[in-house]
Amino acid sequence: MSKQGGGNHRNNAHKKRQPQVAVDEDNPIVQAFRNYSTELTTKHDRHERIVKLSRDITIESKRIIFTLHSIDSRKQNKEKILEEAQQRLNKLIEVNFRSIALELRDQDVYQYRNAYSAGLQEFIEAYTYMEYLSREDNDEPPKSVSDWQALQSVMQYVEDPSKAKDEGASVEETDAAEEEPAKKFQFFIDPTEYVLGLSDLTGELMRRCINSLGSGDTDTCMETCSTLQMFYTGYISLNLQRARELWRKITTMRQSVLKAENVCYNVKVRGGEAAVWGSNFEQKPAEDVDEGFY
């Protein structure tokens with residue numbers, strides 16, 4: 001029985017297929033699905049273009065942060081590096097974010113949020129870190145960074161009127177385009193993305209705290225640790241345990257605060273002990289000197 005059934009199956013497989021019926025392109029259902037296909041293809045292409053722009057923003061922002069970490073009080077290169085970082089950040093705003101804003105004109109920005117989220121958060125981290133360093137030497141407390149509204153005001157653009165001067169455009173069309181007021185558009189900064197990007201700033205502050213100790217600048221180390229504590233106090237007051245991504249960043253922030261506090265502890269306690277040991281290094285230790293043994 002099994003052999004006969006297998007033979008029937010092979011015979012059915014060799015049968016000629018029925019000729020396909022021609023699709024009626026005038027059918028409204030077919031036309032609707034053609035429009036759906038075109039719309040989805042356009043959306044996917046736009047999404048890929050935004051992803052590429054976001055990837056460039058992420059790479060450049062990481063390089064800017066790496067450049068900012070090269071600031072050394074012994075080399076006195078702070079002003080030069082801050083000026084270079086400011087120029088590179090402005091270039092990202094005027095080129096990359098402008099291109100994304102053009103792609104998202106008359107579009108639902110939340111549909112493409114995942115395409116540029118990583119780049120925006122990395123840019124916010126670099127931008128706020130640059131602001132913190134530039135305001136670090138100011139005597140007026142507190143040393144703050146821009147909020148999302150201030151950053152949003154920087155992402156305002158005006159349409160280039162030169163696009164109307166195409167080779168195929170007539171003189172009347174060109175004159176009419178010049179008479180029309182320039183259209184304005186912006187890159188929308190979601191407050192949620194700003195909060196997530198600002199939370200990553202604490203990681204850079206922790207690195208600055210440790211690097212400043214290596215260069216002998218203990219005052220900067222203590223001040224940066226205090227700033228980290230204020231950031232952590234503000235974030236844990238949000239009480240957003242259901243926001244998984246934010247809660248994960250807060251957990252990482254806590255680890256950064258503990259590392260900075262451990263460094264400051266060593267400066268306060270062990271640093272003082274090292275000074276006492278150094279003064280008696282060539283002398284015979286007294287009997288009452290506590291060498292740290294239990």
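None of these values were measured; they are calculated from a predicted model.
The stretch residues 28-65 participates, sequence neighbours left out, in these ring pair (Phe, Tyr, Trp, His ring centres under 6.0 Å) pairs: Phe33-Tyr36. For residues 110-121, every residue pair satisfying the salt bridge (charged side-chain N to carboxylate O under 4.0 Å, His left out) rule, not counting sequence neighbours, is listed here: Arg113-Asp190, Arg113-Glu193. Under the ring pair (Phe, Tyr, Trp, His ring centres under 6.0 Å) criterion, the residue pairs touching residues 48-79 are His69-Tyr129, with sequence neighbours excluded. Evaluation of the ring pair (Phe, Tyr, Trp, His ring centres under 6.0 Å) test over residues 71-99, restricted to residues two or more places apart or in two chains, returns Phe97-Phe123, Phe97-Phe187.
Expressed to the nearest 0.5 Å, how far CD1 of Ile124 lies from CD1 of Ile189 amounts to 6.0 Å. Interatomic distance, Ile65 CD1 to Glu125 CD, rounded to the nearest 0.5 Å: 4.0 Å. Atom SG of Cys264 is separated from atom CD1 of Ile210 by 9.5 Å, given to the nearest 0.5 angstrom. Here Glu245 contributes atom CD and Ile250 contributes atom CD1; the two are 11.5 Å apart, rounded to the nearest 0.5 Å. Here the CD-CG distance, from Glu122 to Leu120, works out to 10.5 Å after rounding to the nearest 0.5 Å. Between Leu205 atom CG and Leu228 atom CG the span is 5.0 Å, to the nearest 0.5 Å.
Side-chain contact between Glu60 and Arg63: present, with at least one pair of heavy atoms (C-beta onward) separated by less than 4.5 Å. The side-chain heavy atoms of Ser146 and Glu131, taken from C-beta on, include a pair separated by under 4.5 Å. Counting heavy atoms from C-beta outward, Thr202 and Val257 have side chains that stay 4.5 Å or more apart. Contact of the Ile64 side chain with the Leu89 side chain is registered, since non-hydrogen atoms from C-beta on lie closer than 4.5 Å. Counting heavy atoms from C-beta on, the side chains of Ile81 and Ser70 come closer than 4.5 Å. A heavy-atom distance below 4.5 Å is found between the side chains of Arg105 and Glu159. Proximity of Lys183 to Val158: side-chain heavy atoms (C-beta onward) are nowhere separated by under 4.5 Å. The side-chain heavy atoms of Leu53 and Tyr116, taken from C-beta on, include no pair separated by under 4.5 Å.
The local environment of CZ in Arg254 is sparse, with at most 12 non-hydrogen atoms from other residues, nucleotides or ligands closer than 6.0 Å. A 6.0 Å sphere centred on CD of Glu79 holds no more than 12 heavy atoms belonging to other residues, nucleotides or ligands.
Other residues sharing the hydrophobic cluster of Leu40, ordered by chain and number and joined by side-chain separations under 4.5 Å: none, the residue standing alone.
Contacts of Ser237 classified as side chain to side chain contact (heavy atoms under 4.5 Å, CB included), with partners at least two apart in sequence or in another chain: none. In this view, Asp147 satisfies the salt bridge (Lys or Arg N to Asp or Glu O under 4.0 Å) rule with no residue, not counting sequence neighbours. Listed by chain and number, the residues in a salt bridge (Lys or Arg N to Asp or Glu O under 4.0 Å) with Arg248 amount to none (sequence neighbours excluded). Residues passing the ring-ring contact (aromatic ring centres under 6.0 Å, His included) test with Tyr235, sequence neighbours excluded: none. Residues satisfying the salt bridge (Lys or Arg N to Asp or Glu O under 4.0 Å) test with Lys249, not counting sequence neighbours, are Asp200. Legend: residues meeting salt bridge (Lys or Arg N to Asp or Glu O under 4.0 Å) with Glu83, ordered by chain and number and at least two apart, are absent. In this view, Asp45 and Thr41, Arg49 satisfy the side chain to side chain contact (heavy atoms under 4.5 Å, CB included) rule, not counting sequence neighbours.
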request  = List the steps and the verdict of side-chain contact (heavy atoms from CB on, under 4.5 Å) for Phe188 and Gln152.
outcome  = CA-CA 7 Å; Phe188 175 70; Gln152 178 70 81; 3.9 Å; yes
task = Could you walk me through whether Glu261 and Gln229 pass the side-chain contact (heavy atoms from CB on, under 4.5 Å) test, one step at a time?
result = CA-CA 9 Å; Glu261 289 177 345; Gln229 292 173 341; 2.9 Å; yes
key: Trace of the side-chain contact (heavy atoms from CB on, under 4.5 Å) decision for Met253 with Met206   = CA-CA 9 Å; Met253 186 187 305; Met206 181 269 295; over 6 Å; no
task = Could you walk me through whether Asn90 and Gln86 pass side chain to side chain donor-acceptor pair (under 3.5 Å), step by step?
result = CA-CA 6 Å; Asn90 291 337; Gln86 181 68 59; 3.0 Å; yes
task = Give the intermediate values and the outcome of side chain to side chain donor-acceptor pair (under 3.5 Å) for residues Glu84 and Thr67.
result = CA-CA 9 Å; Glu84 178 186 354; Thr67 303; 4.9 Å; no
request  = Give the intermediate values and the outcome of side-chain contact (heavy atoms from CB on, under 4.5 Å) for residues Leu133 and Arg208.
outcome  = CA-CA 10 Å; Leu133 294 178; Arg208 175 163 177 76; 3.4 Å; yes
ask   = Would Ser117 and Gln121 count as a side chain to side chain donor-acceptor pair (under 3.5 Å) if you check the C-alpha gap in whole Å, the side-chain angles of each, and the deciding distance to 0.1 Å?
value = CA-CA 6 Å; Ser117 177; Gln121 291 183 22; 3.2 Å; yes
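Under a hydrophobic clustering in which Ile, Leu, Val, Met, Phe, Trp and Tyr are joined whenever their side-chain heavy atoms come within less than 4.5 Å, directly or via other members, Ile100 and Phe185 fall into the same cluster. Leu68 and Val145 end up in the same hydrophobic cluster when Ile, Leu, Val, Met, Phe, Trp and Tyr side chains are linked at under 4.5 Å. Tyr110 and Leu102 fall within the same hydrophobic cluster, defined by Ile, Leu, Val, Met, Phe, Trp and Tyr side-chain heavy atoms under 4.5 Å apart, directly or through other members. Put simply, Ile236 and Trp247 are part of the same group of oily side chains (I, L, V, M, F, W, Y) that touch within less than 4.5 Å, one to the next. Using a 4.5 Å cut-off between side-chain heavy atoms of Ile, Leu, Val, Met, Phe, Trp and Tyr, with links allowed through other members, Leu92 and Ile59 fall into different hydrophobic clusters.
A donor-acceptor distance shorter than 3.5 angstrom exists from the side chain of Ser212 to the backbone of Cys209, with no hydrogens or angles considered. Looking at Arg207, its side chain does come within 3.5 Å of a backbone N or O of Gly203 through a donor-acceptor pair. Between the Ser226 side chain and the Met222 main chain, no donor and acceptor come within less than 3.5 Å of each other. Side-chain N or O atoms of Arg98 include none that pairs as donor or acceptor with a backbone N or O of Tyr157 at under 3.5 Å. In this structure, Asn77 contributes its side chain and Asp72 its backbone to a donor-acceptor pair below 3.5 Å.
Contact detail for Gly119 and Ile57: the closest heavy-atom pair is O-CG2, 3.4 Å.
Screening Val263, Thr220, Asn266 for a side chain to side chain contact (heavy atoms under 4.5 Å, CB included) with Leu213, the sole residue that qualifies is Val263.
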